[in-house]
Amino acid sequence: MEGWLAGSLGPATGTVTPEQVFQNELEVFRTEAEAGTQFFYAYLTVHAVAAGDSQVHRTLNSAPLFWNTTLGALQTATFIVLGRVFDQDSPHNIDKVLSISQRHPEIFGTAALAKRKQGSSKARPDWLDGYLESVYVPKASDFRRPRRYVREKRKIYDRSYRDLRRKVFAHRELSERAAVEAHFAGTNIRELQRLFAFLNSFHETMWQLFLNGRKPNLRPRRYSVKRMRDFPSPEERRKGVQERIVREAEAFLLAAARVAQPSVRPDRSIAVLRASVERSGH
């Protein structure tokens, strides 16, 4: 990100414009939201496929140390990213994207959008004036609704996931099994799925407003791993990184199991991890 900012500095003043700051923050947010979604949905998909396919289960149990290492890393990364997105003392978080939007509404005006659409072209495109007639210029009230949603989602994070992230995954303040399990008891897989779906919907909304002048509209997204597996979207309509990672992880596991066809006896390692997911609401 430092390189991006350096490249955005004005040659004479050495300043960064609000538009450049917003674009940078939105891109940082995108990478965080998508990374967290990939970690979490890959973790869920491994468990879901192994639970429903004995061949996959046997394949995973042929290398239990590797798969528990992988699943543990995915779980840890999920909670670390969640903290970076919602913790207000994090240098890049969801509130920063909204705050810049509210302080500098001019970056969504038609003049700013026209400049972005024209890009490096010296001549104004013939289609641009017609395009600008249909763009939406947001009002202050258009940011209050997503702000309300962000507050609601942060309450969920603060209630069930903040201490788990800080005391178990980030700083390891808790080491006793009973204390760790007590924190996990407050988690819920469906709730986390919806939380990540919201983050990706929020990015899409702000990106469409900034790049295309579309009215902010937080559209619902598919979040259930079971429904994605049972009723996959056609590839050309597959939106969201969660659907792509579910399909890729499932396809890989099934293909690997068919090739390996291990005859090893399943041990308890993967089964124990799967049980912990089931207790969490999957």
[X]: partners by ring pair (Phe, Tyr, Trp, His ring centres under 6.0 Å), with sequence neighbours left out:
X	answer
Phe86	Tyr157
Tyr223	none
Phe198	none
Tyr161	none

Only counting residues at least two apart or in another chain, list the ones meeting side-chain contact (heavy atoms from CB on, under 4.5 Å) with [X].
X	answer
Lys139	Tyr136, Ser141, Asp142
Glu133	none
Arg151	Arg147, Arg148

Under the rule for salt bridge (Lys or Arg N to Asp or Glu O under 4.0 Å), what residues qualify as partners of [X], not counting sequence neighbours?
X	value
Arg227	none
Glu191	Arg159
Glu250	Arg229, Arg247

Open item on the list: Could you check whether Glu19 and Gln23, counting side-chain N and O atoms only, form a donor-acceptor pair closer than 3.5 Å?
Closed with: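 Per modelled atom types, Gln23 and Glu19 side chains form no pair under 3.5 Å.
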Task: Identified ring-ring contact (aromatic ring centres under 6.0 Å, His included) partner of Phe22 from the options Phe210, Phe29, Trp207 - done: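 When ring-ring contact (aromatic ring centres under 6.0 Å, His included) is applied between Phe22 and each of Phe210, Phe29, Trp207, only Phe210 qualifies.
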Test: [X] and [Y] ion pair at under 4.0 Å:
X	Y	result
Glu27	Arg30	yes
Arg258	Asp53	yes
Arg154	Asp158	no

Straight-line distance of [X] [atom1] to [Y] [atom2], nearest 0.5 Å:
X	Y	atom1	atom2	result
Gln88	Ser99	CD	OG	9.0 Å
Leu71	Gln75	CG	CD	8.5 Å
Ile80	Glu32	CD1	CD	11.0 Å
Arg103	Leu98	CZ	CG	11.0 Å
Arg162	Arg165	CZ	CZ	11.5 Å

Has the side chain of [X] got a donor or acceptor atom that lies under 3.5 Å from a matching backbone atom of [Y]?
X	Y	result
Asn200	Phe196	yes
Thr205	Asn217	yes
Ser62	Thr59	yes
Thr37	Ala33	yes
Thr31	Val28	yes
Asn188	Arg190	yes
Asp87	Asp89	no
Lys226	Ala48	no

Task: Leu44: which of Ile245, Leu74, Val225, Val246 passes side chain to side chain contact (heavy atoms under 4.5 Å, CB included) - done: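 Only one of Ile245, Leu74, Val225, Val246 forms a side chain to side chain contact (heavy atoms under 4.5 Å, CB included) with Leu44, namely Val225.
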Open item on the list: Please give me the minimum heavy-atom distance between Ile100 and Pro18, naming the atom from each residue.
Closed with: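 The answer is CG2-O, 4.1 Å.
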- [ ] For Leu60 and Ala50, work out which heavy atoms get closest and say how close.
- [x]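 Minimum heavy-atom contact is CD1-CB, 3.6 Å.
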Open item on the list: Can you tell me how the ring of Phe143 sits relative to the ring of Phe108, calling it parallel under 30°, perpendicular over 60° and tilted otherwise?
Closed with: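 The rings of Phe143 and Phe108 sit tilted, inter-plane angle from 30° to 60°.
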- [ ] Under 4.5 Å between side-chain heavy atoms, chaining through other members, with only Ile, Leu, Val, Met, Phe, Trp and Tyr counted: pull out the rest of the cluster around Val241, sorted by chain and number.
- [x]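 Reading the cluster by chain and number, Val241 sits alone, since nothing else belongs.
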Going by atom type alone, with no hydrogens or angles, which donor-acceptor pairs under 3.5 Å involve a side-chain atom of residues 123-130 and a protein atom two or more places apart or on another chain?
residue	atom	partner	partner atom	Å
Arg124	NE	Asp129	OD1	3.0
Arg124	NH2	Asp129	OD1	2.9

Task: same_hphob_cluster(Leu113, Val137) at 4.5 Å side-chain heavy-atom cutoff - done: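 No, because Leu113 and Val137 fall into different hydrophobic clusters, even though each may have its own neighbours under 4.5 Å.
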Task: Test log, rule side-chain hydrogen bond (donor to acceptor under 3.5 Å, both in side chains), inputs Arg222 and Gln242 - done: CA-CA 8 Å; Arg222 301 184 77 190; Gln242 71 272 24; over 6 Å; no
